[in-house]
Amino acid sequence: MRLPRSFYARPTVEVARDLLGKVIRHGAASARIVETEAYLGTDDAAAHSARGPTPRTTVIFGAPGRAYVYLIYGMHYCLNVVAEREGVAGCVLIRAAEPLAGVIHLSNGPGKLTRALGITLEHYGADLTRGPLTIHAPASDEKFDIATSPRIGINKAADLPLRFFIRGNSFVSREPRR
DNA sequence: GTAATGATCTCT
DNA sequence: GAGATCATTACC
């Protein structure tokens with residue numbers, strides 16, 4: 001069952017934590033989300049939305065439950081889910097997922113994840129409650145421990161504990177640097 | 001118009 | 001530890 005719009009229209013940190021264990025599906029490919037990071041609005045120096053809306057980040061300020069996709073370092077796409085109600089910035093970076101079906105040779109990290117699922121800039125602004133790219137509740141509820149750590153690969157606000165992952169899952173990208 | 005930078009990955 | 005590689009952004 002697809003997650004309803006109301007799932008996304010909540011505080012970014014709650015959405016990030018609750019996305020763990022959910023299933024992302026793109027066409028025939030599906031994977032279980034095991035690692036996310038929360039990027040807040042204008043109070044978060046590390047977020048793309050920190051300095052107000054720009055042409056690239058307008059979707060972050062828009063309706064929740066949409067995809068924010070961007071190209072990083074000229075070679076990798078990253079997939080985010082827009083959270084918070086319309087008009088408030090906030091998004092969740094999907095960092096890693098455990099392959100379930102149709103995903104070939106998925107290695108670690110957000111860039112490889114989008115490549116494995118076939119996500120590109122075409123999905124910028126895509127509605128995740130309908131269309132080819134969707135997020136679902138898992139078929140059966142599993143128990144797992146949620147761990148928290150600082151976010152990875154950023155230079156600002158690097159001390160905030162806004163990364164969430166399933167403890168012990170081998171598909172989690174890596175431990176944060178120290 | 002020009003220059004700096006980055007929510008990464010792979011190889012050495 | 002460094003290079004690949006380019007859209008976006010800030011500044012002139």
Side-chain angles (χ1 to χ4, degrees), chain A residues 8 10-20 22 24 26 29 31-62 64-84 88-99 103-126 128 133 135 146-167 169-178:
Chain A
Y8 304 101
R10 295 184 294 146
T12 308
V13 169
E14 283 184 27
V15 176
R17 198 176 49 225
D18 289 350
L19 276 174
L20 293 177
K22 299 297 187 290
I24 184 169
H26 183 221
R32 177 169 172 256
I33 297 172
V34 300
E35 181 180 356
T36 64
E37 284 179 4
Y39 285 86
L40 311 181
T42 47
D43 289 332
D44 182 2
H48 290 164
S49 53
R51 298 183 192 177
T54 66
R56 181 177 62 165
T57 62
T58 46
V59 68
I60 302 176
F61 292 80
R66 326 226 356 175
Y68 167 51
V69 183
Y70 68 96
L71 181 68
I72 188 64
Y73 296 118
M75 37 178 63
H76 300 290
Y77 297 109
C78 288
L79 172 65
N80 297 250
V81 174
V82 176
E84 303 280 356
V88 180
C91 65
V92 177
L93 171 67
I94 309 299
R95 281 197 60 88
E98 173 183 342
V103 179
I104 309 165
H105 196 68
L106 176 64
S107 88
N108 291 336
K112 299 303 292 292
L113 173 70
T114 53
R115 190 167 70 91
L117 290 176
I119 293 168
T120 70
L121 283 185
E122 291 178 16
H123 300 95
Y124 180 92
L128 298 173
L133 179 63
I135 299 181
I146 295 176
T148 305
S149 84
R151 292 173 292 186
I152 291 176
I154 57 173
N155 299 308
K156 308 163 195 165
D159 52 330
L160 300 178
L162 294 177
R163 172 174 177 252
F164 304 94
F165 59 97
I166 295 180
R167 186 187 303 280
N169 187 286
S170 60
F171 292 93
V172 169
S173 62
R174 60 171 165 160
E175 288 302 305
R177 34 175 156 224
R178 56 187 60 218

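Chain letters run A, B, ... following the sequence lines, proteins first, then strands; residues in each count from 1.
With centres under 5.5 Å and a plane angle under 30°, the ring of A:Tyr39 is stacked against the base of B:dA7.
By the 4.5 Å heavy-atom criterion applied to side chains, A:Phe171 and A:Pro99 are counted as neighbours.
Side-chain atoms of A:Tyr68 lie closest to B:dA7 of the nucleotides B:dA7, B:dC9, C:dT9. Distance from the side chain of A:Thr57 is smallest for C:dT9 among the nucleotides B:dT10, C:dT9, B:dG6. In this structure, of B:dC9, C:dT9, B:dG6, it is C:dT9 that holds the atom nearest to the side chain of A:Pro55.
Rounded to the nearest 0.5 angstrom, A:Asp159 CG and A:Ile154 CD1 are separated by 8.5 Å. The distance from the CZ atom of A:Arg151 to the CG atom of A:Asp44 is 4.0 Å, given to the nearest 0.5 Å.
The residue among A:His76 and A:Leu71 whose nearest nucleotide of DNA chain C lies closer to the 5′ end is A:His76. For A:Leu121 and A:Met75, each mapped to the nucleotide of DNA chain C holding its nearest heavy atom, the one lying further toward the 5' end belongs to A:Met75.
Contact annotation for A:Gly111: backbone-only contact, meaning every heavy-atom pair under 4.0 Å involves sugar-phosphate atoms and none involves a base.
The base of C:dA7 is not paired with the side chain of A:Tyr70 by any donor and acceptor separated by under 3.5 Å.
Within the 4.0 Å cut-off from OP1 or OP2 of B:dT8, at least one side-chain nitrogen or oxygen of A:Arg95 is found. The shortest distance between the side-chain N/O atoms of A:His48 and the OP1/OP2 oxygens of C:dT8 is not below 4.0 Å. At the phosphate of C:dA7, neither OP1 nor OP2 sits under 4.0 Å from any side-chain N or O atom of A:Arg56.
Side-chain N or O atoms of A:Tyr124 include one that pairs as donor or acceptor with a backbone N or O of A:Arg56 at under 3.5 Å.
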